[in-house]
Amino acid sequence: MVLPDSSELELPEGATGLDAAAAIGPKLAEQAVLVRSNGRVQDLRLPLEEGQQIQILTTRDKDDPDALAVLRHSAAHLLAEAVRRLYPGVKIAIGPPIENGFYYDFEFPEPISEADLPRIEEEIRRELQEGRDWRREEISREEARERFLANHEPYKVELVDTAEGEISLYTQGEFTDLCRGPHLQDSRPIKAIKLTGLAGAYWRGDEHNTQLTRIYGTAFYSEPDLQEYLERLEEARRRDHRRLGPQLDLFHLQNASPGAPFWHPKGMVIWNELEDLRRRENARRGYLEVKTPLLYDIDTYITSGHYENYKENMFFVQGREDEKPLALKPMNCPGHMLLFGSQLRSYRDLPLRYAESSTLHRDERGGTLHGLLRVKHITQDDAHVFVSEDQIQDEIDAMIEFARDLYELFGLAPRAELSTRPEQRLGTDEQWDHAEAALEQALRRHALEYVVSPGEGTFYGPKIDLHMTDALGRSWQMGTIQLDYQMPMRFGLTYMGVDNQEHHPVVIHRALLGSLERFVGILTEHYAGAFPLWLAPVQVRIIPVGESHREAARTLAAKLDRFRVEVDESDETVGKRIRNAEVEKIPYVVVYGDRESEASLAVRERGGDQSTRSLDELMRELSANV
Ligand SMILES: [Zn+2]
Ligand SMILES: [Zn+2]
């Protein structure tokens, strides 16, 4: 072995990282958490490769990302052990380390809420007090399968079935997990642990699969490190849209309609600005606005495949007794397919771009709802574009450009993910080659950074997803562009080609802002509630100093009526009213007293000092920014 200082270490064949640490010194062996070699990390228990350069990471490498990851992943196993003890019947999925912490996905028999986290955290502390060692074993696929079957862990069974290479297990206390590792030797280095939140997550990230409950947490090698992190988190919470929404009077949620926001007048201003933007930009790019029904009979969903793949997330509606049950649409696709099929189509009609911002209902599980970011009542800036095969490239290209322009407007930088052909798929290899190349070329041409997720496409086609991070560092999908050869075929859709033959169109499902609810949530956090002028629910607030100034303030407001103006005639002091406007993050505040006139107004810009401007100057400034 070669050590970081280039000295060499002689070890017997098959020696492990722990052996290497012990050969250097007992203290190092005690503090060792991981071996790193040529940028890769390895469990301490595994044999080292002959002649490789090694670095032993210890509890003193407390800021090293790899050292933190092994600590946090080990903490995730403690979380799973605790949850299994507290919630009999829970099923466990996966629990990797992530930036800033870790998570574990569970299927709970009954939904849990954030209020349950302290109890789980207490159980983990108990485990830490008792102490845990991690034991690694390698077993056959069959044996692993049987063990997880016997434990009623279907997700683990599925993971065993799809795992590549050796199957290894790690056991601590009474808990055994399927895991590649690496793990700590024991739980002593975990000096601080905190569960930080809950969210919904689909099994294998596919919205057609069961929705699981994701518990987030973090762990550190020292208590002060955790405290520092929590302070940063506190800042993030200050930006949390669930707090800012009600505080800024934008929306609220209540149990009368779970997962469906009540939009207040001010929230609707933002909503409508986004709708106007969507409508304007769609029109400019050749999209045609349509409106399709909310309720369809079951047969439609059988044809579309939603009944088979998405039933659990749909709301069924029974009308009169003698009538067939209906279901609320979870997506717009079926309606748009029927619309396309309602007339004879020719190649001259293509690309045909249907846009609809309609209410969709998805029965997301209670425990996975999260403010505006995961709701049951969602509104997408949806579109379905019907194209011939040779139009795919240009169309995708235009969509990426569209997406980039939209996000730029808000100063958002989404992360793109290209998901390619899964093992189980429909369509020919040539179609997939063509489709994937079209998506990838469009991403490249627009210099959009992206990661490729091999095999993560849908069974009907590859897709590009656009992700954003919320104030708490959690990633949410916003836009999506999905190529689909199958749905038009299922609905028997055709168009007459140049060759006078009937062809199936290809459909591209696309949403760019994604869910409008989610987008407003993300924007609220992105701007910390201080929306740019064009989105701000109140753009100007005029504060008359005394009762005698109210009339002049109202006259001023009337002159500014092209903008969203309010006069604050409340009896509070001027100072208090200015503070209120600050708390409400209003972009412009005009204080009007004895010294003010239309030639000389006292204007406070959000976050700035007071300065003097004439009414004309103020109007010009406002117009330039809306
Ligand atoms: Zn593990
Ligand atoms: Zn669709």
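All values reported here derive from a predicted model rather than from experimental measurement. In listed order, ligands and their atoms are each counted from 1. We're numbering straight along the sequence, starting at 1.
One N or O on the side chain of Asp297 and one on the backbone of Thr300 form a donor-acceptor pair closer than 3.5 Å. Remark: side-chain polar atoms of Glu127 are paired, donor with acceptor, to backbone N or O of Ala82 under 3.5 angstrom.
Ring geometry for Phe106 against Phe108 counts as tilted: the plane angle lies between 30° and 60°, on a 0 to 90° scale.
Geometrically, Arg278 does not engage Phe519 in a cation-pi contact defined by less than 6.0 Å to the ring centre and at most 45° from the axis. Remark: Arg345 qualifies as a cation-pi partner of Phe340 under the 6.0 Å distance and 45° angle criteria applied to the six-membered ring.
The minimum heavy-atom distance between Ala163 and Ile167, with the atom names listed, is CB-CD1, 3.9 Å. Residues Leu294 and Ser358 come closest through the heavy atom pair CD2-OG, 3.7 Å.
Taking a cut-off of 2.8 Å, the protein N, O or S atoms nearer than that to the Zn ion (ligand 2) are Cys333 SG, His384 NE2, His509 ND1.
Panel detail: the Zn ion (ligand 1) has protein N, O or S atoms under 2.8 Å away, 4 in number.
Exactly one of Thr458, Asp382, Asp484 qualifies for a side chain to side chain donor-acceptor pair (under 3.5 Å) with His509. That residue is Asp484.
With hydrogens and angles left out, the side-chain atoms of Tyr287 and Glu356 include no donor and acceptor closer than 3.5 Å.
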